Asks: 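Below are the structure tokens for one structure; questions will follow.
As the structure is a prediction and not an experimental result, all values here were calculated from the model. Side chains included, hydrogens not; waters and symmetry mates left out as well; all remaining heavy atoms used.
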Amino acid sequence: MLTDSGATLLAIYSAHLLSPSMLAVLGFVTAFTVIALALGWRARVLSPLALRNSAASLATLGVNILMAPVVYVGAGLVASGYASLGIPAIPASAWDGVPWIVMAVVGVLGKDFSDYWCHRALHTPLGWPVHAVHHSDTHVNGFTAFRVHLLEVLTMKVFYIVLLTWIGIPPGAIVAAYVVASLHTAYVHLELDIDHGPLNWLVASPRFHRWHHADEPEAYGKNLANMIPLWDLMFGTYHRHDSCDAAMGAVRDGVPDTDAARLITLPFALWWRQGRAALSGWWLRRGQAS
């Protein structure tokens, strides 16, 4: 029985790691890493701290790749639960004859709207311990896009299921939206002082997103949009998009920046700290009342 279970698990991981989508991800990450290192060494901007932060980001990505089947299983359970609710949805046939580019644009808009509200939820006290892993990088660059905790990946998928399932867009358009969003995510994390002039409200720039990572109280929970800053303007979370020279990371809150092992366990450590603080406060109030 144990041998059969082990063989089944091995088959699942083999199918996952050798799937076309995973090979595409690994190819992109490898190419990105080679190009980034080549350009960095040529420009002589790769400090030891930058290299250690990038290594921690890649290590976090490696853990996520190995644990991806767990995310798929969890997301599948959520999808099954959502389907059982019988919430009305636009049938896939409604998109027959709609130009592919229109479906792709709808997919991008829908995904980014979902990402905005997921991001906003991750900046609440309960969600922050998960998202703090992404904000831990003190040398924000393209590799920071890979520094996402496994639990954040699962949270994003839950938001997609709840907010996007009803649209009924064909999978191909969703994949296109995901590819565009992934490339843009890598772009906005680049250590480049770039904005988009009159298009700043429509397409997020590295300047815009750098303020989101700034370790400045006035910027906390601001500039949450991944691609379309108009969401921040509409929902009151816009900050600014000029040049940002502020420090990055969350070291002041005790969040490590280069220790990959601690980053994997960070959400549980922060939740434990929150729980102890809440229990201490309750005990203190109980004592004062009695």
Asks: Quick one, Tyr187 and Met227 - any side-chain contact, counting heavy atoms below 4.5 Å?
Replies: no
Asks: Fit a plane to each ring of His123 and Trp128, take the angle between them on a 0 to 90° scale, and name the class: parallel (under 30°), tilted (30 to 60°) or perpendicular (over 60°).
Replies: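 Tilted, since the angle between the ring planes falls between 30° and 60°.
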Asks: Quick one: side chains of residues 155-164, donor-acceptor pairs under 3.5 Å with protein atoms, not counting sequence neighbours, listed by atom name and distance.
Replies:
unit_1	atom_1	unit_2	atom_2	d
Thr155	OG1	Leu151	O	2.7
Tyr160	OH	Lys111	NZ	2.9
Tyr160	OH	Asp115	OD1	2.6

Asks: State, to 0.1 Å, how close Ala104 and Ala177 come at their nearest heavy-atom pair, and which atoms those are.
Replies: O-CB, 4.5 Å
Asks: Taking only residues two or more places apart in sequence or in another chain, which ones pass ring-ring contact (aromatic ring centres under 6.0 Å, His included) with Trp272?
Replies: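 ring-ring contact (aromatic ring centres under 6.0 Å, His included) check on Trp272 returns nothing, list empty.
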Asks: Taking all non-hydrogen atoms of both residues into account, name the closest pair between Ala204 and Val188 and its distance.
Replies: O-CG1, 3.6 Å
Asks: Between the side chains of His135 and His212, does any donor sit under 3.5 Å from an acceptor?
Replies: yes
Asks: Would you say Val133 and Glu152 make side-chain contact, with heavy atoms under 4.5 Å?
Replies: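 Side chain of Val133 against side chain of Glu152, heavy atoms only: no contact under 4.5 Å found.
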Asks: Are His189 and His213 close enough that their ring centers fall under 6.0 Å?
Replies: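 Yes, the ring of His189 comes within the 6.0 Å limit of the ring of His213, centre to centre.
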Asks: Let me know which of Thr258, Asp257, Asp215 forms a side-chain hydrogen bond (donor to acceptor under 3.5 Å, both in side chains) with Thr138.
Replies: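 Of the listed options, the one satisfying the test is Asp257.
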Asks: Given side chains that start at C-beta, do those of Phe146 and Leu58 come closer than 4.5 Å, heavy atoms only?
Replies: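 Result yes, sub-4.5 Å side-chain heavy-atom pair found.
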Asks: Please determine whether a side-chain nitrogen of the Lys or Arg among Arg207 and Asp193 lies less than 4.0 Å from a carboxylate oxygen of the Asp or Glu.
Replies: yes
Asks: Output the distance between atom CG (Asn200) and atom CG (Leu233), rounded to the nearest 0.5 Å.
Replies: 12.0 Å
Asks: Between Asp137 and His139, is any pair of side-chain heavy atoms under 4.5 Å apart?
Replies: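 With C-beta onward as the side chain, the pair touches.
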Asks: Only pairs under 3.5 Å count here: list side-chain donor-acceptor contacts from residues 83-94, not counting sequence neighbours, and write none if there are none.
Replies:
unit_1	atom_1	unit_2	atom_2	d
Ser84	OG	Gly81	O	2.5

Asks: Is any side-chain heavy atom of Trp271 closer than 4.5 Å to a side-chain heavy atom of Val130?
Replies: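 Heavy-atom side-chain distance check passes, below 4.5 Å.
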Asks: Is it true that Glu216 and Lys222 have a side-chain N and a carboxylate O under 4.0 angstrom from each other?
Replies: no
Asks: If you define the side chain from C-beta out and look only at heavy atoms, does anything of His131 sit under 4.5 Å from His134?
Replies: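 Yes. Closest side-chain heavy atoms under 4.5 Å.
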Asks: Do Asn226 and Trp231 meet the criterion of a side-chain donor-acceptor pair at a distance under 3.5 Å?
Replies: no
